[in-house]
*Asks:* 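Dumping the structure here so I can ask a few things about it.
This is a predicted model, so every value here is computed, not measured. All residue numbers refer to positions in the sequence shown, counting from 1.
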Amino acid sequence: MRQATKLLITVISGFYLACLLVPGLEPYLYLNRYLVLDNGEYWRLITVALTHGGLAHLFFNMYALLVLGNTLESAIGQNKFLAIFIISQIGASLASIYFGPSNIISVGASGAIFGLFGAMIVISKRFGLETKSTYVIVGINFAIGFIFPGIDWRAHLGGFITGLLVASVLLSPARS
């Protein structure tokens, strides 16, 4: 397992466990429009990735992070991989806050993971690799956000678009 991928999985899973063991910790991490915009608690744009709505939610996000993370980190390096993950999480959180209902609470790292999907598409196209299967996986996962209640599809879309943009910038050929 690649180093940055392992670090992210360990930290995110560790915070999930900490939230189970320390009553009242999770409310300091999740995302809510009022707490960010009115109270200025901007750290929530990132810490929302440390919370999850149950063990299944954590498992599926960490599995996707394992698969995408190892592949991307190997292809582009640790620093660019981490930059795409973190900036995609911020983009996902901003999309959730600005386009979602004002009274919802969001949790999870799936916005950042959708950003990794966007980066995977950019990298695949850059190297002339097949992208159809990635589009299918993204489409299925995006559709799930409309089928099951409580899934923040706005965060998924925001993370995906941010991942596409950040990867395009970070991986653009150097200009002379």
Side-chain angles (χ1 to χ4, degrees), residues 1-16 31 44-52 56-100 106-148 151-176:
M1 185 181 320
R2 304 298 297 185
Q3 189 174 358
T5 301
K6 182 194 257 182
L7 175 68
L8 286 173
I9 291 170
T10 301
V11 169
I12 293 168
S13 298
F15 266 92
Y16 178 78
L31 185 67
R44 292 175 183 273
L45 297 173
I46 296 172
T47 61
V48 64
L50 303 174
T51 63
H52 284 80
H57 185 210
L58 175 70
F59 173 78
F60 285 116
N61 277 346
M62 294 306 97
Y63 177 72
L65 179 54
L66 176 69
V67 172
L68 285 167
N70 281 323
T71 303
L72 285 170
E73 189 177 350
S74 294
I76 63 175
Q78 181 177 334
N79 292 338
K80 288 179 181 176
F81 166 72
L82 285 171
I84 291 168
F85 184 89
I86 292 167
I87 296 169
S88 292
Q89 181 60 55
I90 293 169
S93 294
L94 291 172
S96 177
I97 286 172
Y98 285 107
F99 301 113
S106 294
V107 296
S110 55
I113 291 165
F114 268 82
L116 297 180
F117 277 120
M120 183 67 80
I121 289 170
V122 170
I123 291 167
S124 296
K125 286 186 176 224
R126 177 111 344 119
F127 292 107
L129 303 173
E130 184 270 331
T131 57
K132 188 176 185 178
S133 60
T134 305
Y135 282 120
V136 170
I137 292 169
V138 169
I140 290 169
N141 281 286
F142 192 68
I144 288 171
F146 292 100
I147 296 169
F148 296 101
I151 296 176
D152 191 349
W153 64 267
R154 293 162 194 89
H156 293 174
L157 183 59
F160 181 74
I161 292 169
T162 303
L164 284 170
L165 294 172
V166 172
S168 294
V169 170
L170 289 179
L171 304 173
S172 65
R175 292 179 175 83
S176 40

*Asks:* When rounded to the nearest 0.5 angstrom, what is the spacing between CH2 in W153 and CD1 in I144?
*Replies:*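 Rounded to the nearest 0.5 Å, the CH2-CD1 separation comes out at 16.0 Å.
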
*Asks:* I need the single residue from I84, I121, T5, V67 that forms a side chain to side chain contact (heavy atoms under 4.5 Å, CB included) with L116. Which is it?
*Replies:* I84

*Asks:* Given I76 and L170, is the side chain to side chain contact (heavy atoms under 4.5 Å, CB included) satisfied, shown in steps?
*Replies:* CA-CA 9 Å; I76 63 175; L170 289 179; over 6 Å; no

*Asks:* Rounded to the nearest 0.5 Å, what's the gap from OG on S88 to CZ on F117? Could you check?
*Replies:*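 If we round to the nearest 0.5 Å, S88:OG and F117:CZ are 12.0 Å apart.
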
*Asks:* Nearest 0.5 Å, what's the CD1-CZ distance between I90 and R44?
*Replies:* 15.5 Å

*Asks:* Write down the atom of A4, the atom of F81, and the distance for their closest heavy-atom approach.
*Replies:* CB-CD2, 3.8 Å

*Asks:* What pairs with N61 under side chain to side chain donor-acceptor pair (under 3.5 Å), at least two apart in sequence or on another chain?
*Replies:* H52, H57

*Asks:* Taking the side chain as C-beta and beyond, is there a heavy-atom pair between V122 and V166 under 4.5 Å?
*Replies:*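 SC-SC contact between V122 and V166 ruled out.
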
*Asks:* Drop me the distance from I151's CD1 to S106's OG, to the nearest 0.5 angstrom.
*Replies:*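 Atom-to-atom, I151:CD1 and S106:OG are 11.5 Å apart.
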
*Asks:* Rounded to the nearest 0.5 Å, what separation is found between the CZ atom of R2 and the OG1 atom of T71?
*Replies:*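 Result: 10.5 Å between the selected atoms.
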
*Asks:* What verdict does the side chain to side chain contact (heavy atoms under 4.5 Å, CB included) test give for L8 and L82, after you've listed the backbone C-alpha separation in whole Å, the side-chain angles of each residue and the deciding distance to 0.1 Å?
*Replies:* CA-CA 9 Å; L8 286 173; L82 285 171; 3.9 Å; yes

*Asks:* With no hydrogens and no angle check, is any side-chain donor or acceptor of N70 less than 3.5 Å from a backbone partner on M1?
*Replies:*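 No: the side chain of N70 does not pair with the backbone of M1.
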
*Asks:* Donor-acceptor pair, S96 side chain versus A92 backbone, under 3.5 Å?
*Replies:* no

*Asks:* Between H156 and F114, how do the two ring planes meet: parallel, tilted or perpendicular, split at 30° and 60°?
*Replies:*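 Parallel: the ring planes of H156 and F114 meet at under 30°.
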
*Asks:* Do D152 and L31 come within less than 4.5 Å of each other through their side chains, counting heavy atoms only?
*Replies:* no

*Asks:* Take T162 and L94 through the test side chain to side chain contact (heavy atoms under 4.5 Å, CB included) and record every step on the way to the result.
*Replies:* CA-CA 10 Å; T162 303; L94 291 172; over 6 Å; no

*Asks:* Determine whether a donor-acceptor pair (N or O, by modelled atom type, separation under 3.5 Å) exists between the side chain of Q78 and the backbone of Q3.
*Replies:*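 Between the backbone of Q3 and the side chain of Q78 there is no qualifying donor-acceptor contact (under 3.5 Å).
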
*Asks:* I want to check something: taking the side chain as every heavy atom from C-beta on, are I46 and S93 in contact at a cut-off of under 4.5 Å?
*Replies:*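 Counting from C-beta outward, I46 and S93 never come under 4.5 Å.
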
*Asks:* Going from NZ on K132 to CD1 on I137, what distance comes out if it is rounded to the nearest 0.5 angstrom?
*Replies:*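 If I round to the nearest 0.5 Å, the distance is 13.0 Å.
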
*Asks:* How about Y16: does its OH atom have over 12 heavy atoms from other parts shown lying under 6.0 Å from it?
*Replies:*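 More than 12 within 6.0 Å, yes.
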
*Asks:* Is it true that, when you exclude F142 itself, more than 12 heavy atoms of the residues, nucleotides or ligands shown sit nearer than 6.0 Å to its CZ?
*Replies:* yes

*Asks:* CZ of F148: more than 12 outside heavy atoms within 6.0 angstrom?
*Replies:* no

*Asks:* Are any non-hydrogen side-chain atoms of L165 and I87 less than 4.5 angstrom apart?
*Replies:*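 No. Closest side-chain heavy atoms not under 4.5 Å.
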
*Asks:* Ignoring hydrogens, what is the shortest heavy-atom contact between A109 and Q89? Give both atom names and the distance.
*Replies:* CA-OE1, 3.8 Å

*Asks:* Please report the shortest heavy-atom distance between T131 and S124, naming the atom on each side.
*Replies:* CG2-CB, 3.4 Å

